[in-house]
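Structure record follows, encoded as C-alpha cells.
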Amino acid sequence: MSQVDLNGKHIMYIGRELKSIDGGAVVSKRNIEILREISEGKIIEFYLSDKTIFHKFLNIILGNPWGYSLKIYKDIKAAILKNEISCIFIDHSLLGGFAGILKKYNVELVVFFHNIEVKFYKDKASVDGVLNKLMVNYAKTNENKIVKYADKIICLTSVDSNLLKSIYGRNADSIIPITIEDKFKCFSNLENETSYHLFVGSSFFANIDALNWYVINVLPFIKSKLIVVGTGMEVLMDKYDENLNIEIHGFVDDLGPYYEGADFVINPVRLGSGMKTKTIEALMYGKTIIGTQEAFAGMEDIENLEAGYICNQPKEFITRIQNLDDKKFNVKSRNYYLNNFSSDSGYYKLKDFLNL
C-alpha cells in the first residue's frame, strides 16, 4: 500500500457540507473523524457548498470544483501559507478541480472517490432530469484534474479503481471500503410471529428504481410481506396497488427494530457506483441479504461466506427467497461486517495509508 508521510505537520481537509444522512455523508464523517484522531488535532477543515442554484450552475459551466468561490480559494490559500501543511485530503471527486489549483503549493494531494462520478451521473441522467446530463461533463472535468494532479487516490472498491483505470488511465493507490459505527445490540425477540422482509433506503433515484423493479418483477410471486423504510419513501404510499403485500414508512428514529424482525433484507439496486452503505448496515445487524451485483460492490466473497446472495434476474430473486431458511439472525453476516467494515477496520487502513 502506498503511503503519505505527514512528519507531524498539519493536514488540511476539504469536503462538502454534511447536511444529509446519506451514504456519502456517512463516509465523509468517518474520514474526518479518523483524520482528526490520527493528526492529533493538527487539522484545518473546510466545508464547501454551492449556496444557490445560480452559484452551482455557474461552477458547472465554468468547470470549477463543487462549492468554489474566489473567497474560498483565498481562505484555503491563506491557511496553507500560514500553517505547515504536508497533506491536503480532498473528500470527493467533484472537488477534484482543487487538485489543479492547489498543486503549486508543494503539498501532498490525496483525493477520496465516493463514486466514479461520471458513471454515477450517467446513470442518474437516464432517470432523473436534464441537469444531470450537464453533471456528466462536469464530473469528467473534475476527475480528469484528479488523475493529472493528485499524488494519491483512494477508492471504496476495486471495481471503482478498475473503472477509474478504464476511463482515465489510472488506478487507485489504496482501497478503503465504507466502515460504519457498530449500532447492533443483541436482538431480544427473534421468535416473534411477524414475518416480513425489509428494504431500507431514502427516496434517492437509484433506490426508487430498485424498488419499482422489485415490486413489479418479484414481490407478486413471493409470500413474504415487504416493509420499506427510508427518508422520503412515504411519497410512494399511493403508487402501488393496494393488493400488493407491501408496507411503506418514511424516516424512523431507530432502524434496529425493523432489522430485528426481518426474515431477510433485499437490495435490488441496479444503478450507481461505489459501495452501498445500506448493504453494510444490514450485515452489521446480522441479516442475510439478497441483492444485485451492484448491491455487493466491494464484497466479492459475500456468497462464499454465506452472508448474502447475488441475484440479478427476477427468477433468481424468487428462487433464492423461496429457498431461504427461517433464521432471522445470520452470524456469518455479522462476522463479515466485523471483519471488514467496522470502525476499527477503517481507522487502521487510513492511518496506515497516511503513515501515522
Side-chain angles (χ1 to χ4, degrees), residues 23 27 114-116 119-120 123 126-127 155-164 166 175 177-180 196-201 204-224 226-228 230 259 262-342 345:
V27 176
H114 289 250
N115 302 287
I116 307 303
K119 178 186 183 300
F120 175 87
D123 285 349
S126 70
V127 298
C155 282
L156 288 168
T157 70
S158 58
V159 173
D160 278 1
S161 179
N162 292 336
L163 185 58
L164 186 73
S166 70
I175 306 298
I178 292 174
T179 57
I180 61 175
Y196 64 88
H197 62 297
L198 183 66
F199 177 88
V200 177
F204 173 65
F205 81 95
N207 290 335
I208 296 290
D209 172 81
L211 187 61
N212 287 339
W213 179 89
Y214 183 84
V215 168
I216 292 169
N217 294 289
V218 179
L219 188 59
F221 306 100
I222 62 174
K223 295 179 180 180
S224 177
L226 172 63
I227 291 183
V228 177
Y259 278 113
D263 297 326
F264 58 94
V265 172
I266 59 160
N267 192 351
V269 64
R270 304 183 299 161
L271 303 174
S273 175
M275 296 194 78
K276 306 301 179 284
T277 305
K278 292 304 178 183
T279 300
I280 297 172
E281 185 176 73
L283 291 169
M284 179 186 74
Y285 282 106
K287 289 295 164 178
T288 299
I289 309 165
I290 303 175
T292 56
Q293 190 82 43
E294 184 66 36
F296 293 114
M299 307 177 202
E300 288 74 16
D301 56 348
I302 192 85
E303 283 195 307
N304 291 337
L305 297 176
E306 298 179 335
Y309 298 98
I310 299 171
C311 299
N312 292 308
Q313 301 302 320
K315 187 175 180 180
E316 294 172 330
F317 272 91
I318 294 164
T319 301
R320 175 58 66 182
I321 290 169
Q322 289 173 340
N323 288 283
L324 279 180
D325 61 39
D326 59 357
K327 294 180 181 178
K328 290 180 181 288
F329 182 77
N330 184 347
V331 67
K332 295 176 181 177
S333 297
R334 173 68 181 163
N335 288 337
Y336 192 76
Y337 158 77
L338 290 172
N339 292 333
N340 296 280
F341 307 117
S342 66
S345 173

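Because the structure is predicted, anything quoted here is derived from the model rather than measured. Residue numbers run from 1 in the order of the sequence given.
Taking the side chain as every heavy atom from C-beta outward, Asp160 and Asn162 never approach each other to under 4.5 Å. Contact check for Tyr214 versus Phe317: side-chain heavy atoms found under the 4.5 Å cut-off. Taking the side chain as every heavy atom from C-beta outward, Asp209 and Val269 never approach each other to under 4.5 Å. Under the 4.5 Å side-chain criterion, counting only non-hydrogen atoms from C-beta, Val218 is in contact with Trp213. Looking at heavy atoms from C-beta onward, Ile289 lies in side-chain contact with Leu283 at the 4.5 angstrom threshold. Residues Asn207 and Lys278 form no side-chain contact, since every pair of their non-hydrogen atoms from C-beta on lies 4.5 Å or further apart. In this structure, the side chains of Phe296 and Asn267 stay at 4.5 Å or more apart for every pair of heavy atoms.
Between the side chain of Lys287 and the backbone N or O of Lys328 there is at least one donor-acceptor pair closer than 3.5 Å. When atom types are taken as modelled, the side chain of Thr288 and the backbone of Phe264 share no donor-acceptor pair closer than 3.5 angstrom. The backbone N or O of Tyr196 lies less than 3.5 Å from a partner atom in the side chain of Asp263, making a donor-acceptor pair. The backbone N or O of Ala297 sits nowhere less than 3.5 Å from a side-chain atom of Thr157 that would complete a donor-acceptor pair. Distance alone, capped at 3.5 Å, is enough to place a donor-acceptor pair between the Arg334 side chain and the Met284 backbone. Side-chain atoms of Ser126 come within 3.5 Å of backbone N or O of Asp123 as a donor-acceptor pair. With hydrogens and angles disregarded, no donor-acceptor distance shorter than 3.5 Å links the side chain of Ser161 to the backbone of Ser158. Within the 3.5 Å criterion, the main-chain N or O of Gly286 finds no donor-acceptor partner in the side chain of Tyr336.
Note that CG of Leu164 and NZ of Lys119 are 14.0 Å apart. Values are rounded to the nearest 0.5 Å. Distance check, rounded to the nearest 0.5 Å: CZ of Arg270 to OG1 of Thr292 gives 9.0 Å. Rounded to the nearest 0.5 Å, atoms CD1 (Ile266) and CD1 (Ile321) are 7.0 Å apart. Remark: Ile318 CD1 to Ile290 CD1 distance equals 11.0 Å, nearest 0.5 Å. Ile180 CD1 to Ile280 CD1: the interatomic distance, rounded to the nearest 0.5 Å, is 6.0 Å.
Among all heavy-atom pairs drawn from His114 and Leu156, the shortest one is O-CD1, 3.2 Å. The nearest pair of heavy atoms linking Gln322 to Phe221 is NE2-O, 3.8 Å. Across every non-hydrogen atom of Thr279 and Ala295, the tightest pair is OG1-O, 3.0 Å. Smallest separation of non-hydrogen atoms from Ser224 and Leu219: O-CD1, 3.9 Å.
The aromatic ring centres of Phe329 and Tyr259 sit 6.0 Å or more apart.
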Residues 302-313 side chain polar contacts: donor-acceptor under 3.5 Å, at least two apart:
| unit_1 | atom_1 | unit_2 | atom_2 | d |
| --- | --- | --- | --- | --- |
| Glu303 | OE2 | Ile310 | N | 3.0 |
| Glu306 | OE1 | Lys332 | NZ | 2.2 |
| Asn312 | OD1 | Gln293 | N | 3.0 |

Take Ile227 and Phe199 through the test side chain to side chain contact (heavy atoms under 4.5 Å, CB included) and record every step on the way to the result. CA-CA 6 Å; Ile227 291 183; Phe199 177 88; over 6 Å; no
Applying side chain to side chain contact (heavy atoms under 4.5 Å, CB included) to Leu211 and Val228, what does each step give before you reach the verdict? CA-CA 9 Å; Leu211 187 61; Val228 177; 3.8 Å; yes
For Thr179 and Val27: C-alpha separation, side-chain torsions, deciding distance, then whether side chain to side chain contact (heavy atoms under 4.5 Å, CB included) applies. CA-CA 7 Å; Thr179 57; Val27 176; over 6 Å; no
